[in-house]
Amino acid sequence: MDSRYSAADIESKWYARWEEDDAFAPKQGKKGPFTIVIPPPNITGALHMGHALNNTLQDVLIRFKRMQGYETLWQPGTDHAGIATQSVVELALQKEGKSKHDLGREKFVERVWAWKNEYGGRIVEQLKRLGCSCDWSRSRFTMDEGLSRAVREVFVQLHEQNLIYYGFRLVNWCPKLQTALADEEVENKESKGHFWSIRYPFEEDPSQGIVVSTTRPETMFGDLAVAVHPDDERYRGLIGKKVLIPIINRAIPVIADEYADPTKGTGAVKITPAHDFNDYEVGLRHKLKPIIALDLQAKLTVEAGPYAGLERFAARKKLVTELEERGQLVSVEDRVILIPTCYRSGDVVEPALMGQWYVKMDSLAQLALDCVEKGDTRFVPDRYVKTYRQWLEPKKDWCISRQLWWGHRIPVWLIKHKEDVVILEGRRGLILDNASHIAAQNQEEAENKLADVIANPRKYIDNPNLKSFAERCLKGNVSRADLHFVQEEDVLDTWFSSALWPFSTLGWPDKTPELETHYPTDVLITARDIIYFWVARMIFSGLKFMGKTPFHTVYIHGTILDEKGQRMSKSKGNGIDPIEMIDRFGADAVRFGLMTLTTEGQDIKLSPVKFEEARNFANKLWNAVRFVHPYLGADLGSWKKVDPKSLNLADRWILWRCKDLIERITNDLEPAELKFSRAAMDLYSFTWNYFCSQYLEIRKKDITGPDGPEKTAAVTVFAAVLRNVIALLHPFMPFITEEIRSHLGDKNPLITGSWPDPVRPGIPEFNADEMRIVEDLLDLVDAVRQIRGNYSLPPQKALKVVVNFDTQRKADFRKPHDYIVKELEHVESLDFGFELPKPSFSASSIIPGGKVYVSLEGILDPAAEKIRLGKELEKARSFVTAQEKKLQNGKFVQSAPVEVVEGEREKLHSQIDKVRKIEEALADLA
RNA sequence: GGACGAUUAGCUCAGUUGGUUAGAGUAUCACCUUGACAUGGUGGGGGUCACUGGUUCGAGUCCAGUAUCGUCCACCA
């Protein structure tokens, strides 16, 4: 074993070994299944710190449960990420000077598949470097055949229940990507903008006018009215009058509507139903027929007269200038405005009027709300229930169609008779609300359904999706040859397939054994920014199609920030690359560093220093093992040769500490707790302090010494504790622990080994008083070290130490264990007793139950010791004063619990005792 | 405008249901190349627990308010 633990070789070796052994696959056990589904990373993604954190958490949990003997499945896979992936491939095409239209849909999709096959697995390889123990043999992809079938099945079922419908209304449109977006895909970003006030002249008297304000003047060409509040005195007389839109001079009415807020702007507001969500509502109330002023490329339409064809922002600039020249611009105000932007492209989103597919949310949202309300799924931390509810409660319908080529093509076939005249209204006029269509798994099924409608139209007369077509069939001869019957061009929102992830990956809609065993899953671990996108949708989908919530616990971890507390992002260039960190410090260190930082959903300010600390910890453990390893002997520390009764107190003490550690770590990792950071820090301090700094030092001479019962005992206890430590540590640091285990000669790898049991047969019961003796002696060591430190006595200087205990009994009990002190401090002599004569000139210190003297004869000046004792006396006295005051307070003695009061009394007594002892020591010096 | 989170040592953070003289790591200073580890050892210094009130025998912890920072949501035209 090298003196430095070098991670790289060991990590790749063990990962390969685990894969060879098929260690990640679920193994049937007594304890039943435990299942986690991975939040599928995008195939375009590269591993960032957020992934590293998220997946380490999952791996810790799954390894813990696997070691406990559960039938664990960590279901992996990737997401096709419609927009992101399509964009990447489009960009690549662009570099070749081509567009996707040059290829056509079919070729383009082929091209994306080719890209996916080449690069889509990169993130999986990175997850493997991190040590993730997913069952890769079951890896799924949201667009593989099985999952696509699940998507179609869900679509068809929801459609049959009228929970999916086609709606013609305003949607969020991204001009850059040329697709609709769901509400959550629009981010409102603050930006400096302007608030322009424009005069619309009266038709009757153009010298006068009404002033409206807007942040988007170019939408003016789509105005249909100017609204004022019905109670607004200023405008009452104007209602019904007509005003002219500047430049184009189209007359529009002044209408009364409560939407107009008298306190905002001038109190008069322009109404542009085709380009503003509120105005759309106003337009419906007043039966205004929307005028589309911006086309889907965000260029002005013919409605804009001389501005037709101009891009929106260019038009805005020109328009403002022209209005100013004409004297129709009343004022300009700078203000910060919220601009809706596309979460993928960053382009400014425009509300646009068109048909799209929607999921009706009221009943589904209610399912999801009830589930969390009842506690069937709980959030950790629970405050995220609020976030979850906030999004679900409005029950706004979910726009699921995207005008992309990469994704699940919507399984709907549109029926158009050759005689139908299609009136285009904006884009997608092909199917309007009353158009007929059939949802089906595939072309064949669609044809069969269509044939049935033609044959039995009466059956479908009440079906809203087929009504008009059925009526036509009833009226006259309709034959298949008269029809255009083509599949919808659009694809589904990527999140539509992600929503099915917990059951589609397990084989649904087939009744597979995996689905039977592993659904519902147990814990979902994810980041808070996809509670809306993903978590809520998985919950209602699971409830709807499986009848059960997909997981009982949702653990939301914090966001990784840089050292300044800013989000890491590519554009800022402030990211810390996990792979680079793994190269520098090792995967175990990266994992452990992240785990010590992640507490209850708090955001994490990350610096590489954390990984360095964890690396040092790994090295510490490595060296402890390296030191003891040669002495383990042929049986490598097996218990067989040791009579548990022969163990000394230090042995029993570390075993006792170890038992306590096992209990705490086990408890912390249970899904009910999920205290990852506390567990990691506990392991750190146990290993470093109790195990290395104390136990190992105490037993060092026995371990390296001659063969015999002492050596056997020490080596055995060390090995036993070590075996527990590496097992407990394995979920956090899988590689180094596995490597250490192999040096202990254990055949079975840790990954599938058993989790430590705090109840160990054969070890005598731990006696609290005895354990207390060790703690006291360790305190004594600290006291001596303090004296050494205070007087700068070099470590190699052997000291004469005398300890006077309060009673002879105490001294007698401790005497047999004085090796604990002797091994930890360099002493020439160590005398335990009661009323022993103190050394003539000595430094002293108070320890629990006694007083320690360190002879300074010939070493130091008495004056210095006087000063030190003086300081300590002052401290002790002021504590006594405070404590007496507390206990003289009748209310405290009356109201506080008896044991608290008793505790305080005891403290007072021990401090009084301490004061007395210090005073004595001072007197001795004089 | 609403909701939520944070504020404790120079830095990063713990601090369970109120109950020691508030802890850890790191940084810093001093000493130590002692036969696992200098990615190490020992010791020291360093905090009015953001602020103001309140409840209580007792508050870092509970309540009310204030400030600063951050996140999410929301149509301010």
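Here is how names work: the chains are called A, B, and so on, in the same order as the sequence lines, proteins then strands, and each is numbered from 1. Quantities reported herein were computed from a predicted structural model and do not represent experimental measurements.
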The contact string for nucleotides 19-24 of chain B, one letter per nucleotide 5' to 3', using protein heavy atoms under 4.0 Å with B, S and - for base, sugar-phosphate only and none, comes out as BSB---
In B/S/- notation, 5' to 3', how is nucleotides 3-11 of chain B contacted by protein heavy atoms closer than 4.0 Å? SSSS-----
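When distances run from any side-chain atom of A:W688 to the nucleotides B:G41, B:C37, B:A77, the shortest one goes to B:G41. Of all nucleotides listed (B:U12, B:A36, B:A74), B:A74 comes nearest to the side chain of A:L338.
Scanning all heavy atoms of the two residues, the minimum distance from A:D588 to A:I736 falls at OD2-N, 2.7 Å. Of all non-hydrogen atoms in A:F732 and A:A679, the two that sit nearest each other are CZ-CB, 3.8 Å.
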Just the atom pairs and distances: protein N or O near nucleotides 60-64 of chain B's N or O, under 3.5 Å.
none

Which pairs, protein N/O on one side and nucleotides 27-34 of chain B N/O on the other, fall under 3.5 Å?
none

Sub-3.5 Å pairs of nitrogen or oxygen atoms, protein against nucleotides 67-69 of chain B:
none

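Applying the salt bridge (Lys or Arg N to Asp or Glu O under 4.0 Å) criterion to A:D183, with sequence neighbours excluded, gives A:K396. For A:R4, there are no side chain to side chain donor-acceptor pair (under 3.5 Å) partners two or more places apart in sequence or in a different chain. Considering only residues two or more places apart in sequence or on other chains, A:T559 meets the side chain to side chain donor-acceptor pair (under 3.5 Å) condition with A:R528. In this structure, the salt bridge (Lys or Arg N to Asp or Glu O under 4.0 Å) partners of A:K264, at least two apart in sequence or on a different chain, are A:D261.
No contact: A:G558 has no heavy atom under 4.0 Å from any strand.
With hydrogens and angles left out, the side-chain atoms of A:Q390 and A:Y532 include a donor and acceptor closer than 3.5 Å. A donor and an acceptor atom, one from each side chain of A:K270 and A:T219, are located under 3.5 Å apart.
A heavy atom closer than 4.0 Å to some atom of RNA chain B occurs in A:N278, these being the qualifying members of residues 271-278 of chain A. Against RNA chain B, the stretch residues 615-628 of chain A makes heavy-atom approaches under 4.0 Å through A:R615, A:N616, A:N619, A:K620, A:N623, A:A624, A:R626, A:F627.
Taking CD of A:E739 as the start and CG of A:L744 as the end, the distance is 10.5 Å to the nearest 0.5 Å.
Ring pair A:W196/A:H194 is tilted by interplanar angle, where 30° to 60° counts as tilted.
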If pairs are Watson-Crick or G-U with both distances under 3.5 Å, what is the dot-bracket string of RNA chain B, marking crossing pairs with [ ] and pairs to another strand with |? (((((((..((((.....[...)))).(((((.......))))).....(((((..]....))))))))))))....
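The ring of A:F676 has its center closer than 6.0 angstrom to the ring center of A:Y555. Residues A:Y695 and A:F718 keep their aromatic ring centres 6.0 Å or farther apart.
Judged by the 6.0 Å distance and 45° axis criteria, A:K610 is not positioned over the aromatic ring of A:F585.
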